[in-house]
Structure formats: C-alpha cells, structure tokens
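Notes follow the structure.
These numbers come from a predicted model, not from an experiment. Chain A is the first sequence line, chain B the second, and so forth, proteins listed ahead of strands; every chain is numbered from 1. Only heavy atoms go into these numbers, but all of them, side chains included; no hydrogens, no water, no symmetry mates.
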Amino acid sequence: MAKDFPTREENYAQWYNDLVIKADLAENSAVRGCMVIKPHGYAIWEKIQGQLDKMFKATGHQNAYFPLFIPKSFFSKEAAHVEGFAKECAVVTHYRLKSSEDGKGVVVDEDAKLEEELIIRPTSETIIWDTYRNWIQSYRDLPLLINQWANVVRWEMRTRLFLRTAEFLWQEGHTAHETKEEAVEETLKILDIYAEFAEKWMALPVHKGLKSANEKFAGAVDTYCIEALMQDGKALQAGTSHFLGQNFARAFDVKFLSKENKLEYVWATSWGVSTRLMGALIMAHSDDHGLVLPPKLAPIHVAIVPIYKNSDQLAAISEKANEIKKALEAKGITVKYDDRTTFKPGWKFSEYEFKGIPVRLAIGPRDLENGTVEVARRDTLEKETYQITDIENKILHLLDHIQDNLYRKALAFREENTFGVDTWEGFKAQIEKGGFVLAHWDGTTETELKIKEETKATIRAIPLSGKMEAGKCIFSGQPSEQRVIFAKAY
RNA sequence: CGGGAUGUAGCGCAGCCCGGUAGCGCGCUUCGUUCGGGACGAAGAGGCCGCGAGUUCGAAUCUCGCCAUCCCGACCA
C-alpha cells in the first residue's frame, strides 16, 4: 500500500485524497457525493462521538432522535433559514415504485405522489421546534437540553471526502431557555466544549470567534465558531454554536408561561460538529508517510509486530507479546497484537505507519534474549529499544507525550502562519501565501464581500479573545476597533 | 449550471491515428524459499473494452447519440 503517495509539497489536495483512501478511512460510493466510511475511519469517528457525547451529558444534555424527513411547509416558516438552505435540499416527492412498461426496471409510480413533499433534513431546527411547541408550556419545562446524533443531506455541487459530502454524520444540539442570557451562556458553553475537545483530544489548536453577518447560520442571531488552520495554510471551520434568539420560537410559536405568569417566546440555541472533524484531524497532523493520529482518538494505541523465522520462535514471541498486551490493557491502552502469518513485518510496519497508529512495538528473537522491545513512535518516526520492565507505564507516558507533542507542533505551525497586516497590498500578498491574517475591518458586509471577491479570503472569525485595538480597515480605511481573522477557507 | 478531460481485469494504465486472436504493472490464488522496514521464484485465475445505434466481411479502434465519473469555476459545515 501507498508506495506512490504524493508529498504535501508536491500536491496537497492529492495528498489528502490519497491519504483518506490509502489509510482506509473512507471511499467514494456509487452515489455521487456520498462516501462510504470504512472501519478504520468509522472507529475514529466513534472515538470522537464517544468523547463529545460524554461532554454533552456532563453538562446536562440528553440524546433524542428526530425524523430524517421534514414536511416542506415547516421549512418556509423561518425566512432566513429557507433562504440559506433552499438551494441544497433533496426532496422526496413519491412513495412508491412500479415495474416499467418494458418490464426491465422500475419507475416512479406517478399515482403515488405525496400530498406534501418531504425535505430530507439539511439540519433539524424546523422539525425540532415544531415538536418543542408541544413540549414546552411553563418555565418549569425549561431549560430543554437535547442533542441528536444523525445524518443530514446538503446537495453540494463539489464534494470531498469528509470535508464536504452530500450526506454527512454529525451531532446537532437544540436547546430552549427562559432568558436571552441563559441561551447566550449555553451557546458559549458549547463553544468552550468544542474548543476543549479540539485542543485536548484532537490536539488541534482553534480560535474561538464570532462569525460575521455574512458567514453566520441561516436563522441565527449570532454564530460562534471554532476555526483551525490546516497545513496548507487554509482555514477550516471545525464547529459552530448558534444563538438563535427567538427566531425559531416565533416561527413555530413556542411560548412558555413565566414565573410572572406572562406568556413569552423561548430563547434558543443550536450547535453542531460533523464528520468534517475527520478532515481537520487528518490535515492537522498527518505527514508524507501517511496518517498521524493523536493517541486520544486512535482506535488502536499500540500495534505489536512479532519478528520470527519459524513457528517455534513465533510461539515464544507470542507468549511475551501477549504478556505485554495484557499489561498495557490493564492501563487502559488499546493494543493489537498482529500475529498474522500472511504478512511480513516490513509490510505491517508500513501499514500501521500509514494508518497513523501512535506506537508500534516490534519483538524479535534478539529482544527475547535481552528482555527488550523496539518502540517506534508515529509522530516523530523515531525508534528506540526499551527494557520490557514496567513497559506499561513507559508506554502510557509515551502516549501522553505524543499527544502533547502533536498539539505543540500544531500550535507552533499556527503561530508561524499567523500574520498581522496593515496595508491592502500586504494583505493581498499574504492571503495569496496562506495562513491566518489578522487585519482591521470596518464591520460592513459590503467590505467583506469586496475583499472576498478580490482575494477569495473570508472573515473566518471575529476572535473572542482578541484585544481591542483601534485601527483602520484594510480595505476601506474606515475606523475599526479590533482585528479579525481572514483566511482562505475550506 | 458553465469550461476541460476520461470511461479497457479489483486498482492504475497502454492499445485507438493506421479496423484483423485484448495487453502491461500492482493486487489476487497455489507451491517453494524467505521473515529486525513494503521479499523472491515458478505456476495460475480474472474482460459484454461505459451503454445504444450505425459503417464494415470484420469495431476497444471509425461515425452519431446517450449515460457516468473526475478536474477547474460559482454555492457551502
């Protein structure tokens, strides 16, 4: 596998595509724009899901499930929302097929036309708020903190595995609150969870920020985001959290009786991360030898490869390897002992390397004599010989170290590729080269769009942690209070 | 939806100009030797040449139509 694999330098886009395929993460399916997520890729997604799900539940959220189909009429109730999604909706119009006239196939049965067409959810705000109307009567029913893990469909023109597919997997949280303050607090709480997850689990440094009016979610009052920088200098929106105000409550007539016995509209949030995180994970750490996974999201932490000349040797090595495996597993480390006789050691080394397994152990006859094991780390590709004594704690420490190293590398990369720019010429030049560009902006959509038109760069985030600093808009020269993050984006 | 390209074995491709027995590499199967970084040898299996019409004694190859996919743009988590 992966002998003819391009380097990032040669062709970044090709490198990404080949990596996803050759690391067995996903492949294109028979359905245009839709991917098959393969076991190795799905195992990583399950790790992502598992951790996020814990974090949501720890903050009081519960999972539920709403339908895939949304009646078309629901969609038109929130004007900005329709506007934003109308162009990419798949629509179900019929509910039956019949044999074709020539008997060779099936055709849509025109007699089975739906009275009301169904939209395949591009997101679930409408069906959920229509449901919440019945769930919420009093302040005692609030807050309502619900999440769902689901698939959604957005009919994209151009797709790329994980980064943009017509169907993707995600979680969408939908909450209802008594007050504006509480809803805003929820929006930011989730943003913090996303940022913490990105940094601690994905080893991916992110900027927390606010989206400009132009970039915000269709139907939101404010959209917050976490924004990451990929190795090719392009930005990737890794998660969004929306303060929806009372927009959906008004559209779907969701009111509650307050403690003061007044009928009021509830305040809402919604928030999501998707399988796009897989794309972020891949592009953040991987190298010209293949995928690199942070230990906290690696389905397998350690692969053990035996090296032997005959079956007696294999038996002796297996005994030792299984001992090590047990000791590691007792510490919560996931281990695969690969004693397949159908592949050679060199082949296995390459495979685990390409698939991003953080640590590889090799045990041969020499190690057996010396009480040692060869330890190879995926992040640095370094090999070292360890005494087997206390191996479990040594590996545990190594895994922590790898996790930390990946984060620090990604952070250093981001810092090296973040530039403050104060002139229009300098701005254009830097955007061309890539990276995050911190520049002043006059706050108008008009200016943002003109900048996009001329440079293809968009405002990725108005940073929450950004220092206030008076300046002049890079494009219009109008006064500005704060630098915002510009970049070309995925 | 505009511009460009491509459909031949599981994958990657050659053959097409100039019509005449469908080929190469990888992968796959079996056997043997190997095994501390992608082993080697030998023997095999595998095809409606995208689909449909036409021209021709004869079409992967020429003509027309259709379909599909990929790349580049506009739209997007």
Side-chain angles (χ1 to χ4, degrees), chain A residues 1-5 11 13-14 17-18 21-22 27-33 83-89 104 122-123 151-172 194 211 214-218 220 223-228 235-242 270-280 289-290 305-311 313-314 317 338-355 360-370 372-376 381 383 385 452-453 456 458 460 489-490:
Chain A
M1 73 192 287
K3 278 176 193 158
D4 47 355
F5 180 56
N11 188 341
Q14 192 67 43
N17 291 339
D18 285 12
I21 302 288
K22 289 177 176 160
E27 62 187 33
N28 283 306
S29 70
V31 185
R32 181 198 158 81
E83 168 93 15
F85 285 104
K87 281 174 288 182
E88 49 190 43
C89 286
K104 283 183 187 158
T123 179
N151 59 340
V152 287
V153 168
R154 297 181 189 174
W155 213 262
E156 299 290 351
M157 293 296 168
R158 291 193 58 200
T159 59
R160 285 186 76 189
L161 293 169
F162 290 119
L163 296 173
R164 176 166 300 107
T165 46
E167 180 194 17
F168 55 93
L169 305 184
W170 77 345
Q171 58 71 216
E172 46 179 327
Y194 286 163
K211 283 292 183 191
N214 184 51
E215 294 275 327
K216 77 178 183 189
F217 175 73
T223 289
Y224 295 87
C225 61
I226 52 170
E227 204 74 24
L236 185 113
Q237 178 176 306
T240 49
S241 183
H242 315 289
S270 71
W271 27 275
V273 296
S274 70
T275 34
R276 178 179 246 202
L277 285 181
M278 295 285 296
H289 300 268
V305 178
I307 292 151
Y308 56 91
K309 288 201 199 309
N310 54 54
S311 56
Q313 269 185 4
L314 177 59
I317 290 164
D338 188 352
D339 60 353
R340 287 176 296 177
T341 54
T342 46
F343 294 94
K344 295 184 54 186
W347 194 94
K348 293 176 186 174
F349 290 175
S350 300
E351 186 186 32
Y352 292 119
E353 190 167 291
F354 207 87
K355 289 188 170 179
R360 185 192 72 230
L361 305 184
I363 311 178
R366 287 209 301 271
D367 294 302
L368 228 44
E369 279 177 34
N370 303 333
T372 56
V373 62
E374 183 191 82
V375 179
L381 296 170
K383 287 196 283 198
T385 301
K452 184 178 178 184
E453 203 173 302
K456 290 183 180 162
T458 48
R460 303 317 306 154
Y490 274 95

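- Taking A/Lys211 as the reference, A/Glu227 meet the salt bridge (charged side-chain N to carboxylate O under 4.0 Å, His left out) condition, with sequence neighbours excluded.
- Residue-level contact check: A/Leu163 touches the bases, meaning some heavy atom is under 4.0 Å from a base atom.
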Requested in this report: Start with the C-alpha gap between A/Phe168 and A/Phe162, add the side-chain angles, then the distance that decides, and say whether ring pair (Phe, Tyr, Trp, His ring centres under 6.0 Å) holds.
Outcome: CA-CA 8 Å; A/Phe168 55 93; A/Phe162 290 119; over 10 Å; no
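- Annotation: ring-ring contact (aromatic ring centres under 6.0 Å, His included) contacts of A/Phe217 (sequence neighbours excluded): A/His81, A/Phe85, A/His242.
- If you check every strand for non-hydrogen atoms under 4.0 Å, A/Thr165 touches a base.
- A 3.5 Å limit on both hydrogen-bonding distances identifies B/U69 as the Watson-Crick or G-U partner of B/A5.
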Expected rows: protein N/O vs nucleotides 31-37 of chain B N/O, under 3.5 Å:
unit_1 : atom_1 : unit_2   : atom_2 : d
B/C35  : O2'    : A/Tyr308 : O      : 3.0
B/C35  : N4     : A/Lys309 : O      : 3.4
B/G36  : O6     : A/Gly364 : O      : 3.3
B/G36  : O6     : A/Pro365 : N      : 3.1
B/G36  : O6     : A/Arg366 : N      : 2.6
B/G36  : O6     : A/Asp367 : N      : 3.3
B/G36  : N1     : A/Gly364 : N      : 3.3
B/G36  : N1     : A/Asp367 : OD2    : 2.5
B/G36  : N2     : A/Asp367 : OD2    : 2.9
B/G37  : N7     : A/Lys383 : NZ     : 2.7
B/G37  : O6     : A/Arg360 : NH1    : 3.2
B/G37  : O6     : A/Arg360 : NH2    : 3.0
B/G37  : N1     : A/Glu353 : OE1    : 2.7
B/G37  : N2     : A/Glu353 : OE1    : 3.1
B/G37  : N2     : A/Glu353 : OE2    : 3.2

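- Across all strands, A/Phe217 comes closer than 4.0 Å to no nucleic acid atom at all (heavy-atom distances).
- For A/Arg340, the salt bridge (charged side-chain N to carboxylate O under 4.0 Å, His left out) partners at least two apart in sequence or on another chain are A/Asp338, A/Glu351.
- Here the P atom of nucleotide B/G3 and the CE atom of A/Met157 are 15 Å apart, to the nearest Å.
- Base-pair partner of B/G54: B/C62 (Watson-Crick or G-U wobble, both distances under 3.5 Å).
- The base-pairing partner of B/A22, taking Watson-Crick or G-U wobble contacts with both distances under 3.5 Å, does not exist among the strands shown.
- Searching all strands for a Watson-Crick or G-U wobble partner of B/G44 with both distances below 3.5 Å returns B/C28.
- Nucleotide B/U34 is matched to nothing when pairs are restricted to Watson-Crick or G-U wobble geometry with both distances under 3.5 angstrom.
- At a threshold of 4.0 angstrom between heavy atoms, the contacts of A/Gln237 are confined to the sugar-phosphate backbone, with no base atom among them.
- Counting only heavy atoms from C-beta on, A/Arg154 has its side chain closest to B/A77 among B/U69, B/A77, B/A74.
- In this structure B/A74 sits in no base pair that meets the Watson-Crick or G-U test at under 3.5 Å.
- Distance, A/Ile21 CD1 to B/C11 P: 12 Å, rounded to whole Å.
- Under the salt bridge (charged side-chain N to carboxylate O under 4.0 Å, His left out) criterion, A/Glu27 pairs with A/Lys38, not counting sequence neighbours.
- The separation of B/C57 from B/G50, taken at their P atoms, amounts to 25 Å, rounded to a whole angstrom.
- When the shell of 6.0 Å around CD of A/Gln14 is examined, it contains more than 12 heavy atoms from other residues, nucleotides or ligands.
- Scanning for ring-ring contact (aromatic ring centres under 6.0 Å, His included) contacts around A/Trp155 gives an empty result, with sequence neighbours left out.
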